[in-house]
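Dumping the structure here so I can ask a few things about it.
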Amino acid sequence: MTLDRYLRDVRVFLPADQADDIVNELSENLRAQFEDREMELGRALTQAEQEAILADHGKPLVVAARYRTEQESLAFGRTLIGPALFPAYSRVLGVTFSITCWVVLITAIVVGDGTSIDWEPIRALSSLALAAVIQFAVITVIFVAAERAIIADPSRLALELGTALPLGPRSLLERVADQLIGRRLGDAVPRRTSVADFAIVAITAGWLLLFVRPPIVLDVLRSGPGLENFHLPLLVVIALSGIQPVVTFLRPRLVTFRSVARLGADLLILALFTLSLSTGQWVAPAAGAGAGPEVVSLASEVNRWVGISLSIAILITLVMAIFELYRLVTRLRRRDAAAAA
Amino acid sequence: VAVLAQLREEHYGYALRKALADAGLDIEENTLYPLLRRLESQGLLVSEWREEERRNKRFYHLSPDGERMLERLRQEWQDINTSLTQIL
């Protein structure tokens with residue numbers, strides 16, 4: 001990690017009105033420390049030596065937390081999320097809720113007639129409220145667990161979180177992508193990462209094969225074209241993406257191959273999801289169930305929820321694809337620069 | 001007390017830390033730098049950005065309030081020290 005990157009990560013957690021001032025001062029102090037060390041050694045510091053000083057200084061989240069005068073926390077009787085993690089917690093909640101609002105809005109347009117938001121306000125609000133409650137519960141549980149782990153072993157997880165959770169305008173999505181598509185890789189793909197990749201592919205393919213295989217007939221509903229036409233292509237893409245972890249398990253240094261393969265799979269899945277979303281019909285009234293208003297209404301409701309879920313999946317896949325591309329381009333540029341040097 | 005006493009002379013963050021370490025009091029950067037800002041916000045220190053060795057640095061020194069506070073803390077410290085010396 002370079003000094004600039006380190007300072008950028010610290011800035012993310014600082015109070016906005018003081019961030020520039022604190023970062024400037026911190027930057028000068030750290031540069032003075034670098035220079036001091038260089039004078040001792042009689043030479044310029046290597047990247048590793050600079051990183052060691054930064055690591056010694058503390059992880060960004062922990063450093064920034066010390067500058068916060070307000071000590072916000074989440075407590076029910078006892079403190080569940082302490083002041084060190086609370087800023088990150090509140091930001092994650094804010095960002096995910098904003099994304100949900102956009103997804104609900106976009107879904108309303110896409111699933112509607114495409115020209116107007118054909119949605120009852122109360123229904124839209126209930127969708128939002130449900131999503132907000134689920135998000136609040138999931139995110140809170142994650143952060144409470146992280147807080148417990150910090151108390152149990154502050155030197156390990158508390159410091160690790162300092163680089164795992166910075167949430168700035170740029171690093172937010174970058175770090176979210178890191179969490180979604182695997183941690184930043186060095187010169188080799190760790191074998192445990194390949195095993196995890198393969199497990200995810202196997203579980204997804206197994207789920208598609210065993211539980212979501214059309215034609216599905218459930219009581220008065222049956223699977224529609226949005227599911228039937230795209231199930232097999234999706235299964236094939238998922239199965240093919242299982243090749244990548246096998247290859248990187250055998251040849252861990254093929255980091256670029258992993259990025260290219262994942263990017264390709266993400267784009268194909270994105271295309272299939274988008275085509276499926278455009279049908280708007282994943283279930284339909286089953287033959288013989290009649291087309292009474294209750295069955296039609298039920299099918300419409302199920303399709304609406306599948307549409308929302310698929311929109312969220314599209315958004316997540318898109319973010320993953322963008323950052324896999326970003327990671328790939330960054331890696332190739334770095335390689336070119338190293339070759340030129 | 002140590003920080004206030006050391007800042008009777010002007011220092012910037014890293015130089016202050018070194019001065020304290022040389023005096024036998026090794027304070028972590030993560031503790032010292034935020035502490036300086038808090039002391040300043042309480043009016044005990046004043047700071048200014050100034051160029052030194054072609055770099056902008058933030059120099060801190062004791063304010064008049066800081067001097068009075070240092071004197072009070074020094075007196076308290078001496079009283080405690082005297083009491084403890086008698087007890088021990």
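Below, chain A is the first sequence line, B the second, and so on; all start at residue 1.
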Quick check: do B/Leu36 and B/Leu7 have side-chain heavy atoms less than 4.5 Å from each other?
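When only atoms from C-beta onward are counted, B/Leu7 and B/Leu36 do touch, with a gap below 4.5 Å.
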
Is there a donor-acceptor pair closer than 3.5 Å between any side-chain N or O of A/Arg262 and the backbone N or O of A/Ser259?
no

Residue pair A/Arg5 / A/Asp9, side-chain heavy-atom distance below 4.5 Å:
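Answer yes - side chains close enough.
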
Any B/Ser63 side-chain heavy atom under 4.5 Å of B/Leu45 side chain:
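No; the side chains remain at least 4.5 Å from each other.
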
Please list, in residue-number order, every residue in residues 80-88 of chain B that has a heavy atom less than 4.5 Å from any heavy atom of chain A; write 'none' if there are none.
none

Sequence neighbours excluded, which residues qualify as ring-ring contact (aromatic ring centres under 6.0 Å, His included) partners of B/Tyr14?
none

Test your reading of the model: is there a side-chain donor-acceptor pair from A/Glu38 to the backbone of A/Leu45, 3.5 Å cut-off?
yes

Quick one: list whatever passes side chain to side chain contact (heavy atoms under 4.5 Å, CB included) with B/Arg58, sequence neighbours left out.
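Side chain to side chain contact (heavy atoms under 4.5 Å, CB included) list for B/Arg58, sorted by chain: A/Asp21, A/Glu25, B/Arg37, B/Glu40, B/Ser47, B/Trp49, B/Tyr60.
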
Determine whether A/Thr46 and A/Glu49 satisfy the following criterion, side chain to side chain contact (heavy atoms under 4.5 Å, CB included), listing intermediate values before the conclusion.
CA-CA 5 Å; A/Thr46 63; A/Glu49 286 165 340; 3.3 Å; yes

Residues in residues 26-36 of chain A that sit under 4.5 Å from chain B, counting heavy atoms only
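Hits under 4.5 Å: A/Leu26, A/Glu28, A/Asn29, A/Arg31, A/Ala32, A/Gln33, A/Glu35, A/Asp36.
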
Does A/Phe136 offer a backbone N or O that forms a donor-acceptor pair with the side chain of A/Thr140 under 3.5 Å?
yes

